[in-house]
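For reference, the structure is listed below as structure tokens.
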Amino acid sequence: MDIVRMKNRKKIVTVTAYDYTMAALCDEGGADILLVGDSAGMVMLGYKSTIPVSMDEMCMFTGAVSRARRHALVVADLPFSSYNISRQEAIRNSGRLIQCGADAVKLEGGMTQAETIRSIVDAGIPVMGHIGIQPQSAEILDGYGIRGESWEEAESLQNDAYAIQDAGAFSVVLEKVAAPTAKKITDSINIPTIGIGSGVGCDGQVLVMQDMLGMHKNNLRFVKQYANLAEDIMGAINTYKEDVEKERFPSKEHSFGDDIKP
Ligand code: KIV
């Protein structure tokens with residue numbers, strides 16, 4: 001896979017995408033990976049967490065993104081409870097995402113998910129791992145604090161990364177892992193690490209599109225905002241509202257048959 005060959009050569013640029021129009025722009029803009037994250041549940045569907053996201057919803061987002069893709073790799077998240085019940089179910093649900101157009105699937109968990117990753121890979125489906133903060137369990141179990149600051153936690157994350165690699169995954173997301181720990185993990189495994197809030201030492205970076213484009217307010221320290229689309233969009237809607245209310249829109253140039261007398 002090209003993404004694996006990029007390790008130690010070129011940083012891997014990843015952005016989340018959930019719909020056709022934005023995915024086409026991200027692909028044309030040069031993203032290497034379009035991640036159809038289950039963050040879609042929050043930013044697209046208004047859920048409070050990723051927990052309620054269903055396979056049907058992930059399939060719909062994955063289809064839209066894959067129809068827009070020209071160059072990038074499309075990776076789709078396996079949502080909560082779609083890969084933990086049995087290996088067969090994990091393979092079946094991974095296969096569904098591939099049938100919807102994904103090139104690979106992503107699932108959360110380290111050592112405890114190694115067997116599941118191995119089964120999906122053995123079924124011919126590329127898998128991306130995800131350790132550090134795991135949003136599907138953070139809400140219920142262990143919160144959103146930084147991971148890998150203590151020696152014990154760093155060691156445990158390192159073992160998770162080895163387990164994911166040995167299970168046959170082609171890359172792994174490191175979410176909110178202390179930067180020195182993330183760098184150490186990156187240097188110690190052969191598959192690329194994609195960091196979010198995990199410092200510059202990772203092989204690539206990922207951001208949620210709505211965060212990086214400033215489409216909503218967030219105070220996440222690890223997000224850099226590259227645009228202020230919320231302001232631009234609200235400005236455009238306000239101007240449109242004024243134009244409609246004051247009959248400045250539609251003008252003659254946006255109307256038809258102005259010279260006809262009915
Ligand atoms: O769901 C998602 O968007 C993700 C990224 C933040 C890594 O898993």
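Whatever order the structure lists them in is the order used to number ligands and atoms, beginning at 1. Treat the numbers as computed from the prediction; the structure is a model and nothing was measured.
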Practice item. Sort and list the pairs that fulfil salt bridge (Lys or Arg N to Asp or Glu O under 4.0 Å) and have at least one residue in residues 177-189, not counting sequence neighbours. Key: Lys183-Asp187
Can you produce the list of protein nitrogen or oxygen atoms under 3.5 Å from a nitrogen or oxygen of ligand 1, alongside each distance?
from     : atom 1 : to     : atom 2 : distance (Å)
ligand 1 : 1 (O)  : Asp38  : N      : 3.2
ligand 1 : 1 (O)  : Asp38  : OD1    : 3.1
ligand 1 : 1 (O)  : Ser39  : N      : 3.1
ligand 1 : 1 (O)  : Ser39  : OG     : 3.3
ligand 1 : 1 (O)  : Asp77  : OD2    : 3.2
ligand 1 : 3 (O)  : Ser39  : OG     : 2.5
ligand 1 : 8 (O)  : Lys106 : NZ     : 2.8

Review point. Is a side-chain donor-acceptor pair under 3.5 Å present for Ser137 with Glu108?
Key: no
Check your understanding: Mind checking whether Phe249 and His254 have parallel, tilted or perpendicular rings, split at 30° and 60°?
Key -> tilted
Exercise for review: List in chain and number order the residues that pass side chain to side chain donor-acceptor pair (under 3.5 Å) with Asp56, two or more places apart in sequence or in another chain; answer none if no residue qualifies.
Suggested key: Arg96
Revision key, fill the gap. Sorted by chain and number, sequence neighbours left out, side chain to side chain donor-acceptor pair (under 3.5 Å) with Tyr20 holds for none
Point to revise | Residues Glu28, Arg70: salt bridge by 4.0 Å N-O rule | key: no
